[in-house]
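All values reported here derive from a predicted model rather than from experimental measurement.
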Amino acid sequence: MKYYLLKTEPQTFSWQTLKEMPAQTTIWEGVRNYQARNFLRAMKKGDLCLFYHSNVTPNIIPGIVKVVREAYPDPFAFDSRSKYYDGKSDPQNPRWFAVDVQLAEEFVTPVTREQLKEIPELAGMELLKTGSRLSVQPVSEREFSIIRKLGAKAGG
DNA sequence: GCCAACGTTGGC
DNA sequence: GCCAACGTTGGC
């Protein structure tokens, strides 16, 4: 099993919205960066992802989602009305992919970026690197387990 | 293939 | 709102 982190701006797609989705499941679409795309394609059913809210104060991880459908062509890339439309993506040879994820675990206490920065073992995390913009990124088992424990702890 | 210009991301 | 970091575009 592998671990990842998925970034989303709450104004685009929030944890709350996910909770209200049927079966608390959503397509993870709109990834338009090749490196992020490659991580999406590497995901296997059952892999777990930290759900990260970027571009908001505070930045938090409210919980964990799991991959319930492995990578398939991102339908939004072919929809000319979508902001994620990419005319250069050929349906016969799709350029962009999506996965489906389902809410797996809601943290008792959302984990904040501030908290993460205080933990020496997390200093190497991609998320915390200056200028990191990768919206889909791998997380080590160790990092994942530390963050999961933080979230499970009542009172932060 | 280089690289300047430009647009976007995202923490602060 | 600022701006550094980064990815992409396109002229040459």
Legend entry - Start and end of chain A contact along DNA chain B [non-hydrogen atoms, under 4.0 Å]: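 Reading along DNA chain B, I get dG7(B) to dC12(B).
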Beyond-backbone contact of [X] with [Y], side-chain heavy atoms, under 4.5 angstrom:
{"X": "Thr25(A)", "Y": "Arg69(A)", "result": "no"}
{"X": "Glu143(A)", "Y": "Tyr3(A)", "result": "no"}
{"X": "Leu48(A)", "Y": "Arg148(A)", "result": "yes"}

Legend entry - Chi angles and distances behind the side chain to side chain contact (heavy atoms under 4.5 Å, CB included) call for Val65(A), Tyr4(A): CA-CA 10 Å; Val65(A) 296; Tyr4(A) 298 89; over 6 Å; no
What's [X] touching, base or sugar-phosphate or nothing? Going by heavy atoms closer than 4.0 Å.
{"X": "Ser132(A)", "answer": "sugar-phosphate"}
{"X": "Thr130(A)", "answer": "sugar-phosphate"}
{"X": "Lys117(A)", "answer": "sugar-phosphate"}

Inset, instruction - Start with the C-alpha gap between Val31(A) and Phe39(A), add the side-chain angles, then the distance that decides, and say whether side chain to side chain contact (heavy atoms under 4.5 Å, CB included) holds. - result: CA-CA 10 Å; Val31(A) 172; Phe39(A) 289 125; over 6 Å; no
Inset, instruction - Please give the angle, rounded to 10 degrees, between the axes at the start and the end of the helix from dG1(B)-dC12(C) to dC12(B)-dG1(C), where five pairs define each axis. - result: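 Angle reported: 10°, given to the nearest ten degrees.
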Legend entry - Test: Arg32(A) and Asp74(A) ion pair at under 4.0 Å: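 Salt bridge flag = yes for Asp74(A) with Arg32(A).
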Legend entry - CD (Glu126(A)) with more than 12 external heavy atoms under 6.0 Å: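 For Glu126(A), atom CD is crowded (more than 12 foreign heavy atoms under 6.0 Å).
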Legend entry - First of Asn55(A) and Gly131(A) reached from the 5' end of DNA chain C, by closest nucleotide: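 It is Asn55(A) whose nearest nucleotide is closer to the 5' end.
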Legend entry - Tyr72(A) and Trp96(A) aromatic centres sub-6.0 Å: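 Between Trp96(A) and Tyr72(A), which both carry aromatic rings, the centre distance is not below 6.0 Å.
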